[in-house]
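Step one of this worksheet: look at the structure below.
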Amino acid sequence: MTSESQTAARSGAAPAAPRGLAPQPVAPQHVAIIMDGNGRWAAHRGLPRVEGHRRGLEAVRRAVRAAIDLGIRYLTIYSFSSENWRRPPAEVADLMGLLKLFVRRDLAELHGNNVRIRIIGEREGLSPDIAGVLREAEEKTDANTGLTLVVAFNYGGRQEILRAVRHLAEAVAEGRLRPDQIDAEAVTRALDTGGIPDPDLVIRTSGEQRLSNFLTWQTAYSEYVIVPDFWPDFDHRAFAAAIDEYHRRDRRFGGLSEKAG
């Protein structure tokens with residue numbers, strides 16, 4: 001390894017390209033994934049829905065490893081929405097069991113790989129065992145400095161914005177904040193994702209083209225890539241292909257394209 005490559009590796013920056021070659025594109029800093037299609041994956045194979053969720057958990061493991069390999073700093077997964085409580089009680093129980101299984105089996109590996117876990121979503125009203133599992137995952141990995149795995153659990157984008165607005169309204173009522181101090185950055189800081197950069201890329205599996213109340217505020221300028229595969233089939237190849245598609249996009253953020261000159 002050259003001295004330049006060694007310096008880049010220590011700093012976390014992309015290594016310089018060899019002379020005469022174009023520099024490699026930098027990985028998106030933050031990728032968010034709407035993991036869709038577990039039930040349909042199982043139905044197409046004549047299997048119970050819970051088997052689709054089990055295979056989906058394996059895909060989560062692959063996605064985390066791929067994110068580390070691809071140099072992504074933040075990976076947000078939509079694990080359980082606030083609307084998912086409407087599903088049949090048996091399916092909800094299965095999903096809660098898989099969450100606890102994931103933490104028990106995978107937390108040590110995630111911690112060993114320097115992954116920091118952060119949970120977003122409503123905590124109030126969760127059963128003590130689920131709340132305890134979430135707290136354990138966050139506390140054990142809090143000092144880690146590698147990939148931040150953001151788990152959206154009991155999460156809804158509109159509900160998150162409402163919580164932020166109420167928090168700001170309380171600050172105004174208590175005299176800690178003036179109304180004219182409430183701007184976009186103040187709202188961003190008050191969200192569950194405060195301190196986390198907005199997603200550069202949102203991936204949705206199973207071919208569906210909906211946001212589904214996911215990171216409503218944060219994805220205003222995110223790029224979207226729709227993957228036809230069901231979530232249990234999502235792998236490193238599909239992840240890398242989505243990032244390749246992201247690199248072909250021209251992100252303008254409301255301005256003019258740099259490519260237009």
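Because the structure is a prediction, the values reported are computed rather than measured.
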Item checked: Enclosure of Arg158 CZ (heavy-atom neighbours >12, cutoff 6.0 Å) -> no

Notebook entry, point to check: Is atom CD of Glu124 surrounded by more than 12 heavy atoms (other residues, nucleotides or ligands) closer than 6.0 Å?
Noted result: no

Taking the side chain as everything from C-beta on, heavy atoms only, tell me whether [X] gets closer than 4.5 Å to [Y].
{"X": "Arg116", "Y": "Leu149", "result": "no"}
{"X": "Glu122", "Y": "Asp192", "result": "no"}
{"X": "Thr76", "Y": "Val31", "result": "no"}
{"X": "Leu75", "Y": "Leu147", "result": "yes"}
{"X": "Ile182", "Y": "Val172", "result": "yes"}
{"X": "Leu134", "Y": "Leu126", "result": "yes"}

Next item on the list: Answer yes if the side chains of Asp198 and Thr219 hold a donor-acceptor pair under 3.5 Å, and no otherwise.
Entry: no

Check: Without hydrogens or angle criteria, can the side chains of His30 and Asp200 be said to hold a donor-acceptor pair below 3.5 Å?
Finding: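 Looking only at side-chain atoms, Asp200 and His30 do not form any donor-acceptor pair under 3.5 Å.
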
Check: For Val150, what are the other residues in its hydrophobic cluster, where any two members join if their side-chain heavy atoms are less than 4.5 angstrom apart?
Finding: Ile34, Tyr74, Tyr78, Ile120, Tyr155, Ile196, Val202, Leu211, Phe214, Leu215, Tyr224

If I compare all heavy atoms of [X] with all of [Y], which pair ends up nearest, and what's the gap?
{"X": "Gly56", "Y": "Trp231", "value": "O-NE1, 2.9 Å"}
{"X": "Ala238", "Y": "Asp229", "value": "CB-OD2, 4.1 Å"}
{"X": "Val103", "Y": "Leu107", "value": "O-CB, 2.9 Å"}

Just by distance, do the side chain of [X] and the backbone of [Y] share a donor-acceptor pair under 3.5 Å?
{"X": "Asp235", "Y": "Arg237", "answer": "yes"}
{"X": "Asn144", "Y": "Gly146", "answer": "no"}
{"X": "Trp41", "Y": "Phe230", "answer": "no"}
{"X": "Thr205", "Y": "Asp36", "answer": "yes"}

Note to self: Walk me through whether Phe102 and Val133 qualify under side chain to side chain contact (heavy atoms under 4.5 Å, CB included).
What the structure shows: CA-CA 10 Å; Phe102 177 70; Val133 161; over 6 Å; no

Salt bridge [X]-[Y], side-chain N to carboxylate O under 4.0 Å:
{"X": "Glu58", "Y": "Arg54", "result": "no"}
{"X": "Glu245", "Y": "Arg248", "result": "yes"}
{"X": "Glu208", "Y": "Arg204", "result": "no"}

Item checked: Residue list, salt bridge (charged side-chain N to carboxylate O under 4.0 Å, His left out) with Arg123, at least two apart or on another chain ->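 Listed in chain order: Glu138.
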
Margin query: Could you work out, with side chain to side chain donor-acceptor pair (under 3.5 Å) as the rule, every residue matching Asn213, not counting sequence neighbours?
Written below: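 Once residues adjacent in sequence are excluded, the partners of Asn213 under the side chain to side chain donor-acceptor pair (under 3.5 Å) criterion are Glu83, Gln159.
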
Note to self: I need the single residue from Arg65, Arg104, Arg61 that forms a salt bridge (Lys or Arg N to Asp or Glu O under 4.0 Å) with Glu109. Which is it?
What the structure shows: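 Answer after filtering Arg65, Arg104, Arg61: Arg65.
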
Next item on the list: Kindly assign one of parallel, tilted or perpendicular to the pair Phe80 and Trp85, based on the angle between their ring planes and the thresholds 30° and 60°.
Entry: perpendicular

Checklist line | ring pair (Phe, Tyr, Trp, His ring centres under 6.0 Å) against His167, all qualifying residues, sequence neighbours excluded | finding: none

Notebook entry, point to check: Can you list the residues that meet the ring pair (Phe, Tyr, Trp, His ring centres under 6.0 Å) rule with Trp217, with sequence neighbours excluded?
Noted result: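 Trp217 satisfies ring pair (Phe, Tyr, Trp, His ring centres under 6.0 Å) with no other residue.
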
Next item on the list: Would you list the pairs meeting salt bridge (charged side-chain N to carboxylate O under 4.0 Å, His left out) in which at least one residue belongs to residues 85-103, sequence neighbours left out?
Entry: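 For residues 85-103: Arg49-Glu91, Arg87-Glu91, Lys100-Asp129.
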
